[in-house]
Amino acid sequence: MNMAPQLQADITPEGPDYDIVRSVIEFLTVEYREQPSLEAIAAHLNQSPTQLQKTFTRWAGLSPKAFLQAVTLDHAKRLLRQENMPLLETSIEVGLSGPSRLHDLFVTHEAMSPGEWKAKGGGLVIRYGFHQCPFGTALVMTTDRGLAGLAFGDGGDDATCLEDMTSRWPNAKFIQDSEATSSYAKRIFEPGNWSSDQPLRVVLLGTDFQVRVWECLLKIPMGRAVTYSDIARDIGQPTASRAVGAAVGSNPISFVVPCHRAIGKNGALTGYHWGLTRKRAMLGWEAGKA
DNA sequence: TTTAAATGTTCAT
DNA sequence: ATGAACATTTAAA
């Protein structure tokens, strides 16, 4: 309600948190057969076990052990099985600018007109800024109609990250303006700020097919997962699962459009534009908040 | 468990 | 127009 200046610090209390967490996840992923003990992990990172335990838990809401369990095949399959009845079919009569009630974050979305899409962003003014978030550095992009892009980068690859995004809309005009984008960052990464009073407005810049896929993703509740073929079925092209994968992968608003909740039919995490480790991190983080 | 063929969209010749 | 790439999936060996 108030407190503008400090919020960004609240999001990431200790700057390097994600760096540590990321290392832990990477280590666990490679060595998970060994079921490494907390001591082993800590030793590998040159940290004290208690320190590490505390940092990790503060970040994820889950102990490293519970986290490891949350990202295994078994757990993923359970998430899928749970999705038998209700998920995609029952939901929502969303027209083009209809509000969709999410289980978690409230979003209103709006697709671009075909003419605007053909212009590849021409005549569009996009403001962008970098912000710290629980998953590293986030690049936030907005238009006057709402959030248009969200990307991630670690360390010094901010430039790479920016390049990746700007090349999607070559004719748009880009202006650096962290002031304008910071309010979005605050809203997105702090679950406490999620409310229906002020829905988050997003603009879907993509082809017809892509937009349909992304709208599907928006219906997936927090802590749940669906397969690529589920989505294909829901948009009326049951055999297009592969195409769906491609569309999911080109989603410009990562995290807000929960592309990390789409997984393979056997429960395996297949791919992620910003790195599989980050996908695991997001799934585990959500498991801790749910 | 690994391999091969089928599949739909997008992007580059 | 045509072909290759892709964050898939299924069936067959």
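Letters go in sequence order (proteins before strands), and every chain restarts at 1.
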*ring pair (Phe, Tyr, Trp, His ring centres under 6.0 Å) with A:F67: which residues, sequence neighbours excluded?*
A:F56
*asked:* Restricting to ring pair (Phe, Tyr, Trp, His ring centres under 6.0 Å), what partner residues turn up for A:Y128, sequence neighbours left out?
replied: none
*Could you please name the option among B:dG8, C:dA7, B:dT10 that lies closest to any side-chain atom of A:Q210?*
B:dT10
*With sequence neighbours excluded, give me every side-chain hydrogen bond (donor to acceptor under 3.5 Å, both in side chains) pair touching residues 60-71 of chain A.*
none
*Could you give all pairs that pass the side-chain hydrogen bond (donor to acceptor under 3.5 Å, both in side chains) test and reach residues 160-170 of chain A, with sequence neighbours left out?*
A:D164-A:R168, A:D164-A:H273
*Let me know the distance between CE of A:M282 and P of C:dA7, rounded to the nearest Å.*
17 Å
*Ring center gap for A:W285 and A:F135 short of 6.0 angstrom*: yes
*Identify, with sequence neighbours excluded, every residue that meets side chain to side chain contact (heavy atoms under 4.5 Å, CB included) alongside A:F27.*
A:E31, A:P36, A:I41, A:H44
Donor-acceptor list for residues 170-180 of chain A side chains, cut-off 3.5 Å, not counting sequence neighbours:
from	atom 1	to	atom 2	distance (Å)
A:N171	ND2	A:A119	O	3.0
A:D177	OD1	A:E179	N	3.4
A:D177	OD1	A:A180	N	3.2

*To the nearest Å, give me how far apart CD1 (A:I231) and C1' (C:dC6) are.*
15 Å
_According to salt bridge (charged side-chain N to carboxylate O under 4.0 Å, His left out), who are the partners of A:D208, at least two apart in sequence or on a separate chain?_
A:R212
_Among residues at least two apart in sequence or on other chains, which ones pass side chain to side chain contact (heavy atoms under 4.5 Å, CB included) with A:S229?_
A:T227, A:S241, A:K265
*Reading nucleotides 8-13 of chain C from the 5' end, what letters show protein touch, with B for base, S for backbone sugar-phosphate only, - for no heavy atom under 4.0 Å?*
BSS---
*Could you spell out the base pairing of DNA chain C in dot-bracket, with Watson-Crick or G-U pairs whose two distances are under 3.5 Å, [ ] crossing and | to another strand?*
||||||.||||||
*Kindly state each residue pair satisfying side-chain hydrogen bond (donor to acceptor under 3.5 Å, both in side chains) with at least one member in residues 21-30 of chain A, sequence neighbours excluded.*
A:D19-A:R22, A:T29-A:R280
_Residues from residues 160-172 of chain A lying under 4.0 Å of DNA chain C - heavy atoms_ = none
_Can you measure A:R212 atom CZ to B:dG8 atom C1' for me and round it to whole angstrom units?_
11 Å
